[in-house]
2 protein chains.
Amino acid sequence: MKIGELGRATGTSVETIRFYEAEGLLSAPARNAANYRVYELAHLERLSFIKRSRDLGFTLDQVRELLRLADDPGNSCAGVDVITARHVAEIDRKLADLNALRGELVRRLDSCQGPTIADCRIIEALSPKSAAE
Amino acid sequence: MKIGELGRATGTSVETIRFYEAEGLLSAPARNAANYRVYELAHLERLSFIKRSRDLGFTLDQVRELLRLADDPGNSCAGVDVITARHVAEIDRKLADLNALRGELVRRLDSCQGPTIADCRIIEALSPKSAAE
DNA sequence: ATGCACCCTGAAGTCACTATAGGGTCAAGC
DNA sequence: GCTTGACCCTATAGTGACTTCAGGGTGCAT
């Protein structure tokens, strides 16, 4: 399996796969006569794991840790739980921030009536002279 | 007003102010005999505008555009509305993504029962052999 | 032999800062 | 007059997770 196939199979770009190899997340595969990377099933599985973790928003450092934990089936599950719970807490923080942001923006959009900048409530809200806080 | 005062007045770090100057967002102020930057009220107002916009999640490119629009009071307000509406749409996308993510993570956390990795539902969900999709 | 899709390396660019190294300035206190 | 400390300066590199670019090699079909 060449790098392009692996990319298509996992939904990862070729550049990203090479990047993961350089980062030590994915082990360097064998090379054929033309110096092309040749991947085995184990690589596909590993990269799928990485892709899923990234899609769930884990950082590369967290993925590294999850891989380390997953590699030993005797390990306690607690480490995984901790990483996941911490990640959920982080997401909750981001959700709260974004919701607050959205509220402010929509409020400003709704109040914008005049046709020119001089009457624009959004610009007005951003400008220091009308500072509301 | 020196750079440190300006920073305290706007809640911006000294490094960030110099960065904004290098980026062309904030015009270069006069210098005193010691080559220190000396800021006027106009700089404070401009930087406040930038800070507010950034706090609302606009990118520096969007801030640049907002500043350009705000500079001419005769401009149509429509441009500002478009930038803001686009930004709200972007936030909505992020909110949906984060909510979906959170749901998946919590579902996995809740279902994690066994004490070791071998029984861990989170690792299982990340591993390709149990691919659910 | 020519085109095209694919592969390779190494380096630089992205975003919005943050940090670091190595220095100069200024007022207060000894 | 000398030191201490807070402040200021420039230039450069680092962050995360890639992406893009420059400049080339490979493999197969036409």
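Numbered from 1 within each chain, the chains take letters A, B, ... in sequence-line order. For the numbers below, each heavy atom of this structure counts, side chains included, while hydrogens, waters and symmetry mates do not.
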Sugar-phosphate, base or nothing in reach of B:F58, heavy atoms under 4.0 Å: nothing
Value in whole Å for how far the P atom of D:dC8 lies from CE of B:M1: 11 Å
B:R64/B:D61 salt bridge by N-O under 4.0 Å criterion: yes
Residues B:R86, B:E90; criterion salt bridge (Lys or Arg N to Asp or Glu O under 4.0 Å); working and verdict: CA-CA 6 Å; B:R86 216 172 267 159; B:E90 175 74 8; over 6 Å; no
d(CZ, A:R18; P, D:dT20) in whole Å: 13 Å
Intermediate values then yes/no, salt bridge (Lys or Arg N to Asp or Glu O under 4.0 Å), A:E65 and A:R68: CA-CA 5 Å; A:E65 185 65 9; A:R68 200 182 61 71; 2.8 Å; yes
Distance, rounded to the nearest Å, where A:K51 contributes NZ and D:dC18 contributes C1': 13 Å
Length of the line joining B:I3:CD1 and D:dC7:P, which is rounded to integer Å: 13 Å
B:R37 vs D:dC8: side-chain N/O to OP1/OP2 distance below 4.0 Å: no
Below 4.0 Å: OP1/OP2 of D:dA17 and any side-chain N or O of A:R64: no
Contacts of A:D92 that satisfy side chain to side chain contact (heavy atoms under 4.5 Å, CB included) - sequence neighbours left out: A:V88, A:L95, B:R102
d(OH, A:Y20; C1', D:dC18) in whole Å: 8 Å
From D:dA17, D:dC7, D:dT10, nucleotide with atom closest to B:Y36 side chain: D:dC7
Short side-chain to backbone donor-acceptor contact, A:E5 and A:K2, under 3.5 Å: yes
5' priority, DNA chain D, between A:A33 and B:R31 [closest heavy atom]: B:R31
For atom CG of A:L47 and atom C1' of D:dA17, their distance in whole Å: 15 Å
Whole angstrom value for the distance that separates P of D:dG16 from CG of A:L25: 13 Å
Carboxylate-amine/guanidinium contact B:R46 B:D71, below 4.0 Å: yes
Presence of A:T16 side-chain N/O under 4.0 Å of D:dT19 phosphate oxygens OP1/OP2: yes
Donor-acceptor contact below 3.5 Å, side chain A:H87 vs main chain A:T59: no
Whole-Å distance separating the CZ atom of B:F19 from the C1' atom of D:dT15: 13 Å
Terminal contacting nucleotides, 5' and 3', DNA chain C versus chain A (heavy atom, 4.0 Å): C:dC6 to C:dT9
